[in-house]
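Everything on this sheet refers to the single structure shown next.
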Amino acid sequence: MAHLPSDVYLTTSFMHSGDVSPTTPKLQLQLSIPHHDPTYYIPDGNTVLLVENTLFRVHRSTLTKDKSTFDSMFSLDSDLRSSSSTPSVTAGPEGESDDNPIRLQGDTAQEFRALLWALYALPPELTLALTPKANTSQLFNLARITHKYEFRSIEAWALGALTTIYTRPTHSPSVQVEDVEGPSLVQLTELASLCEQRDLLDAATLRWKRLLASGKDIALAVGVAERLNLRTLLGFAYHAMMLQGREVWDNDALLTRAQRIRLLSGHYALGRLWERLPSEPPVISHSPRCTGGAQARCNQAWAALWRSTLDMGRQVLLIQYADVVGKLMLAESVTKALVEREIPTQGMLDGMPWCKDNVLTAVAGKVKEVQESLADYFTDVV
């Protein structure tokens with residue numbers, strides 16, 4: 001099994017902030033000596049593990065539940081011991097004492113504590129995790145470590161609990177990326193992407209969209225979406241940053257030169273798209289009654305209506321030239337108002353007596369198509 005480097009226990013320096021005086025070497029030594037976890041150093045446990053600077057003593061049979069990585073790890077260790085003819089000269093087999101614990105690399109004590117909580121918890125404690133009183137930090141740590149060690153059923157349960165929490169209507173979405181009581185939005189997005197949990201990722205993306213709409217953490221969203229290859233979020237983030245204007249791009253320290261170039265590319269590409277759209281009405285589904293000459297007249301009326309609604313976007317000065325999404329959403333609202341007779345139609349619907357309801361579906365489909373393909377417009381210049 002993997003061992004920590006020999007200098008993990010003793011340190012020669014300690015990080016300080018402000019005017020705090022440096023600690024003495026004696027205090028440094030005390031801080032670096034492994035200590036027993038107050039909850040999960042179980043007296044009758046038969047396996048000792050060291051995570052960061054905390055010793056856990058638990059039951060080996062508990063760690064091997066769910067066909068986890070620990071199951072194969074312990075089986076391999078047992079096989080190696082039985083095949084070895086050389087007696088150990090250490091403080092005993094690894095994991096059987098505080099002097100020679102199993103050392104887990106890359107985990108935090110908080111994460112391992114969350115795992116043990118799930119393995120040892122009573123039903124009322126597990127039920128609490130599905131209520132508004134749930135400890136989201138604990139569930140987040142649990143999902144991360146169960147994914148790493150392949151506790152598949154527990155991982156699915158933890159991700160499901162998190163998804164329930166973050167999609168619950170009564171769980172008010174924060175407009176801040178950092179959530180004091182739980183994981184940050186960045187961490188939540190990384191977890192959903194790592195575990196390929198679609199519903200949780202959708203919930204995180206919805207929170208990002210709310211942030212973007214309020215003009216907050218846009219460059220951060222661009223970076224996260226690019227790093228995790230989240231195309232939908234990436235498109236919305238680039239679009240939101242584009243609408244901030246060139247002066248904001250140039251002064252945002254989080255944006256790279258390549259990202260600024262993509263913003264320019266996207267502004268140009270979306271502008272070209274807007275120029276093409278009036279002559280490219282989306283295809284509508286015709287009623288069975290709309291055939292022959294009636295269908296031709298219907299298509300002509302729909303093309304004229306499409307151009308008219310888009311022209312309103314040109315006349316609204318508050319909508320930027322390259323804001324194709326904003327203009328299409330305006331066109332969708334106008335079309336809906338016309339079809340539902342909320343505003344005078346001025347004869348624009350007369351040529352489509354049987355298909356006017358279908359144009360709403362066509363416009364909504366076009367809005368969705370452009371939104372989902374936004375990232376494709378912000379490309380590198382070749």
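Not measured: the values here are computed from a predicted model. When a residue number appears, it is its place in the shown sequence, counting from 1.
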Between N141 and W117, does a side-chain contact (heavy atoms from CB on, under 4.5 Å) hold up when you go through it step by step? CA-CA 11 Å; N141 288 327; W117 167 79; over 6 Å; no

Would you say L142 ends up clustered with Y120 if hydrophobic residues are merged whenever their side chains have heavy atoms under 4.5 Å apart, either directly or through other cluster members? yes

Those residues at least two apart in sequence (or on a different chain) that pass ring-ring contact (aromatic ring centres under 6.0 Å, His included) with F112 are F56

Okay, side chain of T54, backbone of P34: is any donor-acceptor separation there less than 3.5 Å? no

Run L116 and T62 through side-chain contact (heavy atoms from CB on, under 4.5 Å) and show every step you take. CA-CA 9 Å; L116 296 178; T62 300; 5.7 Å; no

Side chain to side chain donor-acceptor pair (under 3.5 Å) against T345, all qualifying residues, sequence neighbours excluded: R341

Partners passing side chain to side chain donor-acceptor pair (under 3.5 Å) against D202 (at least two apart in sequence or in another chain): R198

Partner set under side chain to side chain donor-acceptor pair (under 3.5 Å) for S193, not counting sequence neighbours: none

Interatomic spacing from CG in L328 to CG in L277 - rounded to 0.5 Å: 5.5 Å

Would you indicate whether Y321, at its atom OH, is surrounded by more than 12 heavy atoms from other residues, nucleotides or ligands within a distance under 6.0 Å? yes

Got E111 and K148 here, is their nearest side-chain heavy-atom distance under 4.5 Å? no

D250: partners by side chain to side chain donor-acceptor pair (under 3.5 Å), with sequence neighbours left out: R246

Do V248 and Y268 sit in one hydrophobic cluster, given that two such residues count as connected whenever their side-chain heavy atoms are within less than 4.5 Å of each other, even indirectly? no

Any side-chain to backbone donor/acceptor pair from S265 onto I261? Under 3.5 Å, distance only. no

Might you confirm whether atom CZ of R262 has over 12 heavy atoms from other residues, nucleotides or ligands at distances under 6.0 Å? yes

Side-chain heavy atoms nearer than 4.5 Å, only ILVMFWY residues, links allowed to pass through others: does that put L264 and V325 together? yes

Any side-chain heavy-atom pair of H35 and N53 under 4.5 Å: yes

Decide whether Y238 and E226 meet the rule of one side-chain donor and one side-chain acceptor closer than 3.5 Å. yes

Would you call K366 and E332 a salt bridge, using N to O less than 4.0 angstrom? no

E275 atom CD, neighbour heavy-atom count above 12 within 6.0 Å: yes

Could you check whether D66 and S153, counting side-chain N and O atoms only, form a donor-acceptor pair closer than 3.5 Å? yes

Report whether L126 and I145 are members of the same hydrophobic cluster (ILVMFWY, side-chain heavy atoms less than 4.5 Å apart, transitive linking). yes

Side-chain atoms of residues 37-51: list all donor-acceptor pairs with protein atoms under 3.5 Å, sequence neighbours left out, distances to 0.1 Å.
| residue | atom | partner | partner atom | Å |
| --- | --- | --- | --- | --- |
| D37 | OD1 | R113 | NE | 2.7 |
| D37 | OD1 | R113 | NH2 | 2.8 |
| D37 | OD2 | T39 | N | 3.0 |
| D37 | OD2 | Y40 | N | 2.7 |
| Y41 | OH | D98 | OD1 | 2.7 |
| Y41 | OH | D98 | OD2 | 3.2 |
| D44 | OD1 | H59 | NE2 | 3.0 |
| N46 | OD1 | R60 | N | 2.7 |
| T47 | OG1 | R60 | NE | 3.1 |

Nearest 0.5 Å, please: how far is CG in L255 from CD in Q244? 10.5 Å

Any side-chain heavy atom of P183 sitting closer than 4.5 Å to one from Y166? yes

For residues 346-356, run the donor-acceptor check on the side chains, cut-off 3.5 Å, and write out each pair with its distance to 0.1 Å, sequence neighbours left out.
| residue | atom | partner | partner atom | Å |
| --- | --- | --- | --- | --- |
| K356 | NZ | P353 | O | 3.2 |

Residues at least two apart in sequence or cross-chain that pass ring-ring contact (aromatic ring centres under 6.0 Å, His included) with F151, listed by chain then number, are none

Under the rule for ring-ring contact (aromatic ring centres under 6.0 Å, His included), what residues qualify as partners of F236, not counting sequence neighbours? none

Show me the side-chain donor-acceptor pairs of residues 371-378 shorter than 3.5 Å, one per line, residues at least two apart or across chains.
| residue | atom | partner | partner atom | Å |
| --- | --- | --- | --- | --- |
| S373 | OG | E369 | O | 2.9 |
| S373 | OG | V370 | O | 3.3 |
| D376 | OD1 | R231 | NH2 | 2.9 |

Report all side-chain donor-acceptor pairs from residues 279-289 shorter than 3.5 Å, counting only partners two or more places apart or in another chain.
| residue | atom | partner | partner atom | Å |
| --- | --- | --- | --- | --- |
| S279 | OG | R276 | O | 2.9 |
| H286 | NE2 | N299 | OD1 | 2.9 |
| S287 | OG | R289 | N | 3.2 |

Take E52 and Q110 through the side chain to side chain donor-acceptor pair (under 3.5 Å) test and state the conclusion after the steps. CA-CA 10 Å; E52 291 187 316; Q110 288 277 55; over 6 Å; no

Under 3.5 Å, side chain of W208 to main-chain N/O of A221, donor-acceptor pair present? no

Let's go through D199 and T167 carefully: what are the C-alpha distance in whole Å and the side-chain angles of both, what is the deciding distance for side-chain contact (heavy atoms from CB on, under 4.5 Å) to 0.1 Å, and is it a yes or a no? CA-CA 9 Å; D199 292 339; T167 56; 5.8 Å; no

I'd like to know if the side chain of T205 and the backbone of L201 have a donor-acceptor N/O pair within less than 3.5 Å. yes

Flag side-chain contact, heavy atom, 4.5 Å: L128 against N135: no

Working to the nearest 0.5 angstrom, can you tell me the gap between L185 CG and D217 CG? 8.5 Å

Is a side-chain N or O of Q259 found less than 3.5 angstrom from the main chain of T256, in a donor-acceptor match? yes

Write down the atom of L139, the atom of A161, and the distance for their closest heavy-atom approach. CD1-CB, 4.0 Å

Looking only at non-hydrogen atoms, find the nearest pair between L254 and D252 and report the distance. N-OD1, 3.0 Å

Candidate pair W306 and V359, rule side-chain contact (heavy atoms from CB on, under 4.5 Å), full reasoning: CA-CA 9 Å; W306 174 251; V359 304; over 6 Å; no

Nearest 0.5 angstrom please: K133 NZ to T127 OG1, how far? 13.0 Å

Quick check: are there more than 12 heavy atoms from other residues, nucleotides or ligands sitting under 6.0 Å from NZ of K336? no

Taking R307's backbone N and O only, do any of them form a donor-acceptor pair with D311's side chain (distance below 3.5 Å, no angle check)? no

Has the side chain of Q197 got a donor or acceptor atom that lies under 3.5 Å from a matching backbone atom of L200? yes

I154 and L130: same hydrophobic cluster, using ILVMFWY side-chain contacts below 4.5 Å? yes

Just jot down the ring-ring contact (aromatic ring centres under 6.0 Å, His included) partners of Y149, sequence neighbours excluded, or say none. F70

When you measure from the side chain of Q295 to the backbone N and O of C290, does any donor-acceptor pair fall under 3.5 Å? yes

Answer yes or no: does atom CZ of R272 have more than 12 heavy-atom neighbours from other residues, nucleotides or ligands under 6.0 Å? no

Spacing of CG belonging to L310 relative to CH2 belonging to W274, to within rounding of 0.5 Å: 4.5 Å

I'd like to check W157 versus T146 (side-chain heavy atoms, cut-off strictly below 4.5 Å). Are they in contact? no

Does the pair R152/E155 count as a salt bridge with the N-to-O cut at 4.0 Å? yes

